[in-house]
Amino acid sequence: MPNKKSLHIESSGQLCIYCGACVGICPLNCIYLDETRITFDEKVCTRCEVCVKACPVGAIEIG
Amino acid sequence: MQDRKTDVLVIGAGPAGSMTAKWAAKGGADVLLIEKRQEIGSPVRCGEGMSKDWLPEVGITPGRWINLEVEGARIFSPSEKVFEINEKHAGNEVGYVVERDGFDKQLAIDAANEGVEVKLKCAALGLLKDHGRVVGAKVKEFGETYEVHAPVTVGADGFESQVGRWAGIPTNIAMRDMDTCLQYRMANVDCDVRYCDFYLGKVAPGGYVWVFPKAEGLANVGIGVQVSQVKSPADARTHLDRWIDHHPGYAKGKKIDMVGGGVSISPPLKQTVADGILLVGDAARMIDPLTGGGIANGCIAGKICGQVAAEAVQAGDPSKEFFQKYEKGWRARLEEKLYRNWLAKEKLVSLSDETFDKVIDALAGVQLQKLSVHNILKAVRDKYPEVTKEFEAFL
């Protein structure tokens with residue numbers, strides 16, 4: 001997917017607090033929260049960046 | 001593991017799920033309540049404030065999950081003029097401050113005592129469908145995957161609900177209809193155990209900062225910021241930290257816990273049922289869009305949901321037509337207020353700090369007999385007639 005921006009979630013425990021805010025607002029339902037692991041479906045994600053705004057601690061980066 | 005059958009499958013053991021399960025079991029149904037985590041109620045993702053007048057209606061007895069009882073709420077304007085409201089009029093987050101994990105566990109115990117089977121570490125992976133009708137879910141319990149066949153499935157899986165989406169019920173929310181929230185439990189703070197405090201204005205764009213006391217010197221200090229008003233990543237945290245820095249009674253405090261989450265502040269959903277499936281609580285966007293409180297509404301709707309689920313099993317008719325009884329029931333009880341508070345929220349998020357100051361100042365100066373839109377506007381009109389204009393369209 002060369003035309004898509006890279007997607008990076010800082011989920012090594014340094015920023016992400018596993019609250020699920022991004023999961024709830026993702027319009028394409030492509031973010032998954034499993035206890036202390038968050039994953040994205042990169043193929044479905046359109047990089048709309050709604051999750052970036054919804055994250056209370058700034059743990060999601062797209063760019 | 002072998003597939004299994006039940007009458008009612010409830011996905012999610014928060015307050016709405018446990019309440020639904022309990023009332024379905026009371027109605028004679030065989031109920032399975034599944035929770036993806038290993039511990040019900042944990043981790044707590046909640047400010048832990050709630051009103052109390054609704055508890056008898058749904059059959060909840062006050063217990064050890066209550067930290068303390070507050071007298072009322074204090075609303076602080078941007079220049080920190082204060083308006084006090086008695087807890088009876090203060091909305092659905094004011095009354096008790098609770099241990100949410102203890103509260104959730106009590107409701108699960110109540111459900112279990114009615115004969116509900118509870119499964120922990122059991123996540124729904126997807127819904128089972130037959131000709132478009134939901135007939136249960138595929139679940140994973142302790143690493144083992146199996147199918148639960150049920151004529152009635154209930155999605156009580158919270159803000160980040162998957163069940164509604166899987167069922168094809170539109171539950172998406174816009175950025176303006178969500179607050180992104182962060183909260184610290186803080187020790188060694190100067191909180192007042194008589195009040196739940198709310199700070200309005202630019203300190204929390206499109207939301208508010210809250211201080212809910214847990215005990216002398218201990219409080220939940222949190223913030224909600226409307227996602228559409230977020231300017232840069234981590235705005236919720238930035239605003240909360242700034243607020244704490246500017247309040248010496250809290251800046252000296254020590255953070256001992258941190259939680260985050262999303263809160264919907266949307267108008268009510270148009271649809272909360274489909275063939276074989278009902279949604280309840282935060283999953284059905286039943287959170288009060290003005291206060292952000294979801295417990296009372298989730299429990300009230302949960303009781304109705306459980307009763308209708310049991311009736312549908314009894315009647316052998318888990319169709320969306322039959323479920324209209326739930327759809328109409330919860331709307332009759334909650335929808336008008338949800339809609340009214342959504343309109344009020346839409347107005348409030350547009351107010352300037354200057355207007356907030358005037359409104360709170362006007363209210364602080366009078367003793368309102370009863371908290372109503374009419375009385376509030378009258379108080380504002382008497383002191384700041386020019387401000388009333390801002391609300392004409394709203395009325």
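Order of the sequence lines sets the chain letters (A, B, ...), proteins ahead of strands, with each chain counted from 1.
Of all the listed residues (B:V227, B:I223, B:I173), the one sharing the greatest number of non-hydrogen pairs under 4.5 Å with chain A is B:V227. Residue with the most contacts toward chain B among A:V50, A:L33, A:I25, A:V52: A:I25 (heavy-atom pairs, distance under 4.5 Å). Per-residue heavy-atom pair counts under 4.5 Å with chain A were compared for B:A234, B:C181, B:G262, B:G224, and the maximum is reached by B:A234.
Of all heavy-atom pairs spanning B:G261 and A:P56, the tightest one is N-CG, 4.4 Å.
The local environment of NZ in B:K138 is sparse, with at most 12 non-hydrogen atoms from other residues, nucleotides or ligands closer than 6.0 Å.
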Report the donor-acceptor contacts between chain B and chain A below 3.5 Å as a table, one pair per row.
from, atom 1, to, atom 2, distance (Å)
B:R45, NE, A:C19, O, 3.3
B:R45, NH1, A:C19, O, 3.3
B:R45, NH2, A:C19, O, 3.3
B:Q162, OE1, A:N29, ND2, 3.2
B:Q162, NE2, A:N29, OD1, 3.3
B:R165, NH1, A:C26, O, 2.8
B:R165, NH1, A:N29, OD1, 3.4
B:R165, NH2, A:V23, O, 3.3
B:R165, NH2, A:G24, O, 3.0
B:R165, NH2, A:C26, O, 3.3
B:N172, ND2, A:P27, O, 3.2
B:T180, OG1, A:A54, O, 2.6
B:V230, O, A:K53, NZ, 3.4
B:R237, N, A:P56, O, 3.2

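The distance from the CE atom of B:M175 to the SG atom of A:C51 is 10.5 Å, given to the nearest 0.5 Å.
With a 4.5 Å cut-off on side-chain heavy atoms, B:V259 and A:I17 do not count as touching.
With a 4.5 angstrom heavy-atom cutoff, B:A123 does not touch chain A via any of its atoms.
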